[in-house]
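Quick notes on the structure that follows.
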Amino acid sequence: MVQDDVSNEVDHNDDDPKTYEEAKQSSDYEKWQKAMKSEMESMKENKVWTLVEPSKDIKPIGCKWVFKKKIGADGKVETYKARLVAKGYRQKEGVDYDETFSPVAMLKSFRILLDIAIYYDYEI
């Protein structure tokens, strides 16, 4: 039971900002701002999206920032994470999308690749 208390303390942080406005008013705003800038740079480098002008008959879905402090085993904040996420829950099937696809690597596939790399003495 003690272990559960520790894991909840490490994984859960109720004082993370829920909105951009909360982050802006936080004493840690500079750290949140740095995390947001890092997220935007990462998305730009990975070519996650392309900025386009929406046509008049399409209403784009919005987005929001999700903030999370990563807490170490010692209980201290290790990193500040900010993620820009689409408000996908506002989409309507058949209107905004027809099908969904989420590429996920299976653990079994990853193990097979590692076995092949080890067998042929590849560098990983």
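Atom CG of Leu113 is separated from atom CD1 of Ile118 by 11.0 Å, given to the nearest 0.5 angstrom. Here the CD1 atom belonging to Ile71 is positioned 11.5 Å from the NZ atom belonging to Lys76, to the nearest 0.5 angstrom. How far CG of Leu51 is from CD of Glu53: 7.0 Å, rounded to the nearest 0.5 Å. Atom CH2 of residue Trp32 and atom CD of residue Glu22 lie 11.0 Å apart, to the nearest 0.5 angstrom. Note that the CG atom of Asp16 and the NZ atom of Lys68 stand 5.0 Å from one another [nearest 0.5 Å].
Tyr29 approaches Ala23 most closely through the heavy-atom pair CD1-O, 3.2 Å. Looking at every heavy atom in both residues, Tyr80 comes nearest to Asp28 through OH-OD2, 3.1 Å.
Taken together through direct or relayed side-chain contacts under 4.5 Å among Ile, Leu, Val, Met, Phe, Trp and Tyr, Leu114 and Ile116 form parts of separate hydrophobic clusters.
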**Request:** Could you walk me through whether Lys31 and Val77 pass side-chain contact (heavy atoms from CB on, under 4.5 Å), step by step?
**Result:** CA-CA 11 Å; Lys31 294 174 183 171; Val77 177; over 6 Å; no

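Within a 6.0 Å radius of NZ in Lys24, no more than 12 heavy atoms belonging to other residues, nucleotides or ligands are found.
For residues 34-59, there are no ring pair (Phe, Tyr, Trp, His ring centres under 6.0 Å) pairs, not counting sequence neighbours.
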Side chains of residues 36-48: which donor-acceptor pairs under 3.5 Å do they make with residues two or more places apart or in other chains?
{"unit_1": "Glu39", "atom_1": "OE1", "unit_2": "Arg83", "atom_2": "NH1", "d": "2.7"}
{"unit_1": "Glu39", "atom_1": "OE2", "unit_2": "Leu84", "atom_2": "N", "d": "3.4"}
{"unit_1": "Ser42", "atom_1": "OG", "unit_2": "Asn46", "atom_2": "ND2", "d": "3.4"}
{"unit_1": "Asn46", "atom_1": "ND2", "unit_2": "Ser42", "atom_2": "O", "d": "2.9"}

